[in-house]
K.L.:
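Quick one: structure below, then a few questions.
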Amino acid sequence: MRREQRVQYRGMRAVLCGVILLLLGGSADAVAATGPSVGEHLSTDQAFGPPIHASVSRRFDPGAHRYGPGHRGVDLSASVGSPIRAAGGGKVAFAGQVAGRPAVSIVHADGLRTTYEPVTPAVTVGQVVNVGDVIGRLLPGHAGCPAPACLHWGLRLTSAVGETYLDPLLLLGHGRVRLKPLKPSDAFPG
């Protein structure tokens with residue numbers, strides 16, 4: 001099967017899963033492991049799981065343009081000190097302070113990078129981690145968090161055209177599903 005066909009098949013599978021979830025009365029607000037995942041801009045054969053079992057307190061909002069305001073990740077409400085796990089296997093690219101906040105960043109296959117903050121790192125740069133490995137502990141102090149602590153979990157895709165922020169819930173088969181034409185000529189006349 002060609003790559004384009006696999007991506008299209010995965011996209012259809014994601015939409016079908018979303019429709020089934022809605023019909024069964026489910027909600028994407030509770031983060032749960034669902035195995036390998038896909039998304040509108042995401043194509044990977046790697047398995048991913050949740051970094052923490054928690055509820056979504058703030059959703060992904062990419063903003064109107066690359067440098068404009070937005071929320072380029074999701075916030076997951078949890079308890080201070082909760083273990084944070086690698087969402088997927090990869091190599092630790094960063095474990096330290098970013099703008100005074102402790103963070104961990106993991107590079108995965110297919111140009112994906114996940115970030116986790118505020119997290120006291122339990123890993124070091126260059127360390128190889130597997131999905132579910134503890135990479136640190138959650139700290140308090142995330143602005144706008146309605147709970148004692150929130151994990152800010154981010155996802156970026158690096159490709160030939162640059163970096164794109166994506167909704168990390170897509171890794172779990174969740175996230176907002178938007179139906180749109182594959183190309184302008186497929187659109188219904190206005």
Side-chain angles (χ1 to χ4, degrees), residues 14 17-18 21-22 24-39 42 44 46-63 69-108 112-125 127-157 164-177:
C17 288
L21 180 67
L22 290 173
L24 294 175
S27 169
D29 288 341
V31 178
T34 60
S37 60
V38 297
L42 185 61
T44 183
Q46 184 175 350
F48 287 89
I52 190 168
H53 290 284
S55 62
V56 176
S57 58
R58 187 172 175 199
R59 290 197 163 276
F60 177 76
D61 174 14
H71 189 243
R72 291 163 180 89
V74 295
D75 290 346
L76 306 173
S77 299
S79 300
V80 174
S82 295
I84 304 303
R85 301 181 182 281
K91 186 183 270 189
V92 177
F94 183 84
Q97 298 282 324
V98 174
R101 300 176 61 87
V104 174
S105 180
I106 300 172
V107 175
H108 309 279
L112 299 174
R113 177 186 291 244
T114 53
T115 56
Y116 314 78
E117 65 100 0
V119 173
T120 300
V123 291
T124 58
V125 172
Q127 183 176 339
V128 174
V129 294
N130 295 308
V131 61
D133 287 353
V134 173
I135 59 170
R137 298 266 173 201
L138 184 61
L139 294 171
H142 188 70
C145 178
C150 285
L151 172 69
H152 177 81
W153 182 33
L155 173 65
R156 285 187 315 211
L157 172 64
T164 304
Y165 286 92
L166 300 173
D167 185 342
L169 295 179
L170 293 171
L171 294 173
L172 306 177
H174 300 298
R176 296 207 171 126
V177 175

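Keep in mind that what you see is a predicted model, and the values were worked out from it rather than measured. Count residues from 1 along the sequence.
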K.L.:
Check Ala95 against Val125 and note the closest heavy-atom contact, atom names and distance.
P.N.:
N-CG2, 3.8 Å
K.L.:
Do Leu171 and Thr114 have side chains that get closer than 4.5 Å, going by heavy atoms?
P.N.:
yes
K.L.:
With side chain to side chain contact (heavy atoms under 4.5 Å, CB included) as the criterion, how do Val92 and Ile135 come out once you've worked through the C-alpha distance, each side chain's angles and the decisive distance to 0.1 Å?
P.N.:
CA-CA 9 Å; Val92 177; Ile135 59 170; 5.5 Å; no
K.L.:
Can you tell me how the ring of Phe48 sits relative to the ring of His108, calling it parallel under 30°, perpendicular over 60° and tilted otherwise?
P.N.:
perpendicular
K.L.:
Check Val129 against Gly88 and note the closest heavy-atom contact, atom names and distance.
P.N.:
CG2-O, 4.3 Å
K.L.:
Find out whether Val74 and Asp167 are in side-chain contact, i.e. whether some heavy atom of one side chain is under 4.5 Å from a heavy atom of the other.
P.N.:
yes
K.L.:
Roughly how far, to the nearest 0.5 Å, is NZ of Lys91 from CZ of Arg113?
P.N.:
12.0 Å
K.L.:
Between Gly49 and Val131, what is the shortest heavy-atom contact and its length?
P.N.:
N-CG2, 3.7 Å
K.L.:
For residues Val119 and Pro102, determine if any side-chain heavy atom of one lies less than 4.5 Å from a side-chain heavy atom of the other.
P.N.:
no
K.L.:
State the CD1-OG distance between Ile52 and Ser79, to the nearest 0.5 angstrom.
P.N.:
7.5 Å
K.L.:
Among Val80, Leu151, Thr120, find the residue that satisfies the side-chain contact (heavy atoms from CB on, under 4.5 Å) test when tested with Leu139.
P.N.:
Thr120
K.L.:
First locate atom CG of Leu155, then atom CG of Leu166, and finally report the distance between them rounded to the nearest 0.5 Å.
P.N.:
5.0 Å
K.L.:
Are the side chains of Val56 and Leu76 in contact, using a 4.5 Å heavy-atom criterion?
P.N.:
yes
K.L.:
Quick check: closest heavy atoms across Ala78 and Leu138, and the distance to 0.1 Å?
P.N.:
CB-CD2, 3.7 Å
K.L.:
Locate the shortest heavy-atom distance separating Gly81 from Arg137; write the atom from each residue and the value.
P.N.:
O-CD, 3.0 Å
K.L.:
Is the side chain of Tyr116 donor-acceptor paired with the backbone N or O of Ala87 at a distance under 3.5 Å, no angle test?
P.N.:
yes
K.L.:
What are the two closest non-hydrogen atoms of Arg85 and Val134, and how far apart are they?
P.N.:
NH1-CG2, 3.2 Å
K.L.:
Quick check: do Ser77 and Ser55 have side-chain heavy atoms less than 4.5 Å from each other?
P.N.:
yes
